[in-house]
Trainee: 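The following block contains the structure, expressed as structure tokens.
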2 protein chains.
Amino acid sequence: MMPPGTWQRADIRLATGIAQAELIAVLAAVTDEEPRVMTVAAGQALPSGPFVSSHRSLQAGLRDWIEQQTGHPVGFLEQLYTFADRDRDPELAEARRISISYLGLVREQPAPGADRPEWHGWYEYFPWEDRRAGVPPVVERIVAELAAWAGSKSGRRQRIDYAFGLNGQGWNEDLALQRYELLYEAGLVPEAGRRDLPGLGLPMRGDHRRILATGIARLRAKIKYRPVAFELMPESFTLLRLQRTVEALAGLRLHKSNFRRQIDQQELIEETGEMAAETRGRPAMLYRYRATVLEARALAGTRLPISRN
Amino acid sequence: MMPPGTWQRADIRLATGIAQAELIAVLAAVTDEEPRVMTVAAGQALPSGPFVSSHRSLQAGLRDWIEQQTGHPVGFLEQLYTFADRDRDPELAEARRISISYLGLVREQPAPGADRPEWHGWYEYFPWEDRRAGVPPVVERIVAELAAWAGSKSGRRQRIDYAFGLNGQGWNEDLALQRYELLYEAGLVPEAGRRDLPGLGLPMRGDHRRILATGIARLRAKIKYRPVAFELMPESFTLLRLQRTVEALAGLRLHKSNFRRQIDQQELIEETGEMAAETRGRPAMLYRYRATVLEARALAGTRLPISRN
DNA sequence: TGACATATACTCAGATTGAGCATTACATCC
DNA sequence: GGATGTAATGCTCAATCTGAGTATATGTCA
């Protein structure tokens, strides 16, 4: 069964080694204060396809492909996760399928013409994740259903409390994946093959909705400590526009002046000198990112209680 | 060339879709205040091997394998990165190889008996990463060589400054991967096929040293916001022991009382009631982790300037 | 008993954060 | 032309968090 070989004694031998490889992309953009994801199959799948050669690496190949498809350069591209679960594709018995997923950010959403992939709002798939206008009504029903599923199992109850911020836990927008997985486990989404509760968002093919949730969670975590939001903005922008973009991604409202303070004490941006030509209210200054600082901050880290002697 | 198929118009078509899949593990433990990694081939390779079926997922298979090999349960296991670069394995022309790497933490290092994989200290491979006893002397030479390589190219100079904390940038322990990549690009490590500067640590086969650097960087970043250090500790431990473990991973000394304050205001641990039976100094209290809190904190996130209305 | 050596407790100033108020600058309506 | 609406920008203030250091407690060992 197993190929003899060059491996050492401590080899990891789990399988026969041949697999079918596939790339799946979560491509995000924010337009009109709405985060969107590129889809195919009438919004029921993420763009994906077999992977092979001709390119020097996965990343390089995917980058070219995206620029071709969207007509926009990809500012940010990062691997999400690689799956190879057996039950994902029952047809393939021997050669199991390996799916490598990526998260990419593009600056603008291309006009939805014929022959073009469609873009759908994140929150069409995850209505419970958008709290910008308050807690959506569907959450109450979700929590009730989950409570029924949990019964008296305290492990389940605790997970629900954490994920949905119940019992004084506080909502954490990063837990998008955990929330989807709870719904899946509880059989509340159609992908789980059981009940189809209305109002729980559009389903997707296979585990694509789970992959999208992974991308959302990753991006939400990342905007807090890496200047990635800029990858979604046009050349120049107002501070409010930037705030609205971050809010759209996080699904939360932010405190205006504190947001501004945070931004400018990081020195990520600088004034262009121009003013925004919007209609209502006092006109705002336009800003642009400071490329050099951005690069430095892209590497910055968090802190340990270091001792300096 | 390309298989016809079920894909939509927006498919990602980069390749023919068949690949050879391989798993690579970065397995870490901390013993005697020294972080170690499991190796094979006399310390020149990470354990790896072909992947196939029999297990429900990559993660599950790898977990079993590790427990079998080390005799210890794996507390923490997380995917690092998936590579599929063409030039990695020149023999395979058609079916390129996909390498999926993982980071795992085990509680103790098994006794190195015959037929057992060996464990090597991280810092044998990356001597410049350990600053617990101050900046190692080799750093001066590294920086000089890198400066020569950079010449007057300001992009390179800037990257060097960030990575090594020069010119008032401050050392960031998380940048282990970037530092290795600089050395690689500059041709200062033997893996790059050019010069072999002595004192720059042991090389590894293929890109295994790069993968190890990825694991180190990931773990260093993670200990700051997730309670993973506990996965490396025995049942009960003193606060100093915990601090020494974190210091070993970070390659830095921490401020003692601030470290303690940080730990106990997070309520991650509780007293066992016992005292440590060590010899020198005042005996310390023994602690254990609080499983439930740990689980909650495992999900905790960082903060945005949220508005509460 | 006294010299170590480490544990644990406390203090304090400076920086960061969450929240809110005040003032400014336009557009538009009457 | 002045009132009104809307958003931009500036400022304040208390609470909390951090970095650094000092003081005291409790063991072992010579």
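Every chain is numbered from 1 and lettered A, B, ... according to where its sequence line falls, protein lines coming before strand lines.
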Trainee: Could you state the CE-P distance from M285(A) to dA8(D), rounded to the nearest angstrom?
Mentor: 11 Å
Trainee: Hey, is the main chain of G75(B) close enough, under 3.5 Å, to the side chain of R107(B) for a donor-acceptor pair?
Mentor: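 Not at all, since once roles are kept as given, no pair shorter than 3.5 Å links the two residues.
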Trainee: What is the distance, to the nearest angstrom, from the NZ atom on K224(B) to the P atom on dC17(D)?
Mentor: 20 Å
Trainee: Let me spell it out: for each of Q262(B) and Y287(A), pick the nucleotide of DNA chain D with the closest heavy atom. Which residue's pick is nearer the 5' end?
Mentor: Y287(A)
Trainee: Rounded to whole angstroms, how far apart are CD1 on I263(B) and C1' on dT8(C)?
Mentor: 15 Å
Trainee: Has the side chain of R157(B) got a donor or acceptor atom that lies under 3.5 Å from a matching backbone atom of A150(B)?
Mentor: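 Not confirmed, R157(B) side chain does not pair with A150(B) backbone.
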Trainee: If the condition is side-chain contact (heavy atoms from CB on, under 4.5 Å), which residues does R241(A) pass it with, not counting sequence neighbours?
Mentor: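 For R241(A), the residues satisfying side-chain contact (heavy atoms from CB on, under 4.5 Å) (neighbours in sequence not counted) are M233(A), P234(A), F237(A), T238(A).
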Trainee: Please give, in whole Å, the distance from dA7(C) P to R241(B) CZ?
Mentor: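 After rounding, the reported distance stands at 12 Å.
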Trainee: Against R132(A), only a single residue in E33(A), E247(A), E34(A) fulfils salt bridge (charged side-chain N to carboxylate O under 4.0 Å, His left out); can you say which?
Mentor: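 Among E33(A), E247(A), E34(A), the one meeting salt bridge (charged side-chain N to carboxylate O under 4.0 Å, His left out) with R132(A) is E34(A).
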Trainee: List for me each residue that meets side-chain hydrogen bond (donor to acceptor under 3.5 Å, both in side chains) alongside R288(B), sequence neighbours excluded, and say none if there are none.
Mentor: E270(B)
Trainee: Do E181(B) and R159(B) pass the salt bridge (Lys or Arg N to Asp or Glu O under 4.0 Å) test, and can you show the C-alpha distance, the side-chain angles, and the key distance before you say yes or no?
Mentor: CA-CA 11 Å; E181(B) 287 189 332; R159(B) 284 172 61 208; over 6 Å; no
Trainee: Please name the pair of heavy atoms, one in L175(A) and one in Y162(A), separated by the smallest distance, quoted to 0.1 Å.
Mentor: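 For L175(A) and Y162(A), the tightest heavy-atom pair comes out as CD1-O, 3.6 Å.
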Trainee: Starting at CG of L286(A) and ending at P of dA8(D), how long is that distance when rounded to a whole Å?
Mentor: 11 Å
Trainee: Just to verify, what does R220(A) make a side-chain hydrogen bond (donor to acceptor under 3.5 Å, both in side chains) with, not counting sequence neighbours?
Mentor: Y123(A), E129(A)
Trainee: List, with names and distances, any nitrogen or oxygen atoms from the protein found under 3.5 Å away from nitrogen or oxygen atoms belonging to nucleotides 23-28 of chain D.
Mentor:
residue	atom	partner	partner atom	Å
dA25(D)	N3	R282(B)	NH1	2.9
dT26(D)	O4'	R282(B)	NE	3.3
dT28(D)	O4'	T279(B)	O	3.4

Trainee: Could you give the CZ-to-P distance, from F259(B) to dT6(C), as a whole number of Å?
Mentor: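 That distance rounds to 17 Å.
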Trainee: Please determine which of E173(B), E231(B), E78(B) meets the salt bridge (charged side-chain N to carboxylate O under 4.0 Å, His left out) test together with K222(B).
Mentor: E78(B)
Trainee: Find every protein N or O atom lying less than 3.5 Å from an N or O atom of nucleotides 11-15 of chain C, and list the pairs.
Mentor:
none

Trainee: Nearest-Å distance, CZ (R253(A)) to P (dG18(C))?
Mentor: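 That distance rounds to 18 Å.
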Trainee: With the side chain of K256(A) defined as its heavy atoms from C-beta on, choose the nearest nucleotide among dT18(D), dA7(D), dT17(C).
Mentor: dA7(D)
Trainee: Quick one: F237(B) CZ to dT6(C) C1', roughly how many Å, whole number?
Mentor: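 Nearest whole value for this atom pair: 18 Å.
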Trainee: Any donor and acceptor pair, going by atom type alone, linking the side chain of R36(A) with main-chain N or O of A29(A) inside 3.5 Å?
Mentor: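 Judged by distance alone, no pair lies under 3.5 Å.
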Trainee: Quick one: closest heavy-atom pair of Y287(A) and T272(A), and the distance?
Mentor: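 Where Y287(A) meets T272(A) most closely, the heavy atoms are C-CG2, 3.7 Å.
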Trainee: What N/O pairs connect the protein and nucleotides 14-16 of chain D at under 3.5 Å? Give each pair on its own line.
Mentor:
none

Trainee: How would you label the contact of T238(A) with the nucleic acid (heavy atoms, under 4.0 Å): base, sugar-phosphate, or nothing?
Mentor: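 Nothing, no nucleic acid heavy atom in range.
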